[in-house]
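For reference, the structure is listed below as structure tokens.
All figures in this text were calculated on a predicted structure; none of them were measured in a lab. The figures that follow rest on heavy atoms only: side chains count, while hydrogens, waters and symmetry mates do not.
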Amino acid sequence: MRTPGIRIDPILIQAAIAAALSFAHLHDLAAAAGQDGWKAWAYPISVDLLLVAAWRRLRSGTAKAAGWCWFVVALVASLGANVATAGLLDLGDVPSWLRILVAGWPAVAFLGGTLLAHGTPDRDEAPVSDQDETPATPVTTTAPELPVAAPRPAAQPAAPVPPALVALARKVADDHRTRTGTDIDTQTLRTRLGVPLTLAEAIAAQLT
């Protein structure tokens, strides 16, 4: 059988070299600031872990502001060590402010790592399988029955109107037309004759 060859990624090799150099610079700076022994090795580990935690938060898509904040903090610490150990700082005579920063870094790294790991609750929810979904049973609603309207009684035939009353109404209607130029309405006719509304309607029907 032919053994498949191992593929070497040059990008990963470059990243490993850069990480080793940054790790060494952080170790040298911590040792120069008075953190000797195992503590000098713990400093670069804390910086790299904070960078990884911030990067994972950025990749998760939640609370990106916190992720960017602590990513910049860890990146400044790493870049600061690289620049300081490049000959711009006398490692034999480290200033007091740098010793204070190095001594206070563990508390900063602990705070950042804790907030990134536990600051935001996990909002992921388990996906619901299509097989678990129970189809809803359609609900049949019946429209309420409306009460049947009672049949309207047949209209009663209009009572006969005396001819004399019709003649009087015609005179009143003519007089109204002469004065106003319009035909008299039923309400006015009823008022002028002093008769009930039904009788006035019957008289008005004979005037047309």
After noting the C-alpha distance and the side-chain angles of Val108 and Leu50, does the key distance pass the side chain to side chain contact (heavy atoms under 4.5 Å, CB included) rule? CA-CA 10 Å; Val108 175; Leu50 186 59; 5.6 Å; no
Using the side chain to side chain contact (heavy atoms under 4.5 Å, CB included) rule, take Arg56 and Leu116 through it: C-alpha gap first, then chi angles, then the decisive distance, then the call. CA-CA 9 Å; Arg56 287 175 61 87; Leu116 289 173; over 6 Å; no
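For Arg99, the CZ atom is densely surrounded, since the number of other residues' heavy atoms within 6.0 Å is greater than 12.
In this structure, Ser96 has no side chain to side chain contact (heavy atoms under 4.5 Å, CB included) partners at least two apart in sequence or on a different chain. Partners of Thr178 by side chain to side chain contact (heavy atoms under 4.5 Å, CB included), not counting sequence neighbours: none found. With sequence neighbours left out, Ser78 forms a side chain to side chain donor-acceptor pair (under 3.5 Å) with Ser22. The side chain to side chain contact (heavy atoms under 4.5 Å, CB included) test applied to Trp38 returns Ala42, not counting sequence neighbours. Residues meeting the salt bridge (charged side-chain N to carboxylate O under 4.0 Å, His left out) test with Arg179, sequence neighbours left out: Asp175. Applying the side chain to side chain contact (heavy atoms under 4.5 Å, CB included) rule to Ala31 yields the partners Ala40; only residues at least two apart in sequence or on another chain are considered. Arg177 pairs by the salt bridge (charged side-chain N to carboxylate O under 4.0 Å, His left out) definition with Asp174, Asp183, not counting sequence neighbours.
The two residues Ala77 and Leu26 make their nearest non-hydrogen contact at O-CD2, 3.7 Å. Heavy-atom minimum distance, Trp105 versus Tyr43: CD1-CD2, 3.7 Å. The two residues Ala173 and Ile184 make their nearest non-hydrogen contact at CB-CG2, 3.7 Å.
No path of Ile, Leu, Val, Met, Phe, Trp and Tyr side chains, each step under 4.5 Å between heavy atoms, connects Leu29 with Val76, placing them in separate hydrophobic clusters. Residues Leu75 and Trp55 fall within the same hydrophobic cluster, defined by Ile, Leu, Val, Met, Phe, Trp and Tyr side chains chained together at heavy-atom separations under 4.5 Å.
Listed by first then second residue, pairs satisfying salt bridge (charged side-chain N to carboxylate O under 4.0 Å, His left out) with a partner in residues 35-54 number zero, not counting sequence neighbours. Within the structure, salt bridge (charged side-chain N to carboxylate O under 4.0 Å, His left out) contacts touching residues 13-32 (residues at least two apart or in different chains) do not occur.
Distance check, rounded to the nearest 0.5 Å: CZ of Phe110 to OG1 of Thr114 gives 4.0 Å.
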Using residues 188-204 as the side-chain source, report each donor-acceptor pair under 3.5 Å to any protein atom, sequence neighbours left out, with the distance given to one decimal.
from   : atom 1 : to     : atom 2 : distance (Å)
Thr188 : OG1    : Asp185 : OD1    : 2.7
Thr188 : OG1    : Asp185 : OD2    : 3.1
Arg190 : NE     : Val195 : O      : 3.4
Thr191 : OG1    : Gln187 : O      : 2.9

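Connectivity analysis of hydrophobic side chains (ILVMFWY, heavy atoms under 4.5 Å, direct or indirect) links Trp41 to Phe23, Ile45, Leu49.
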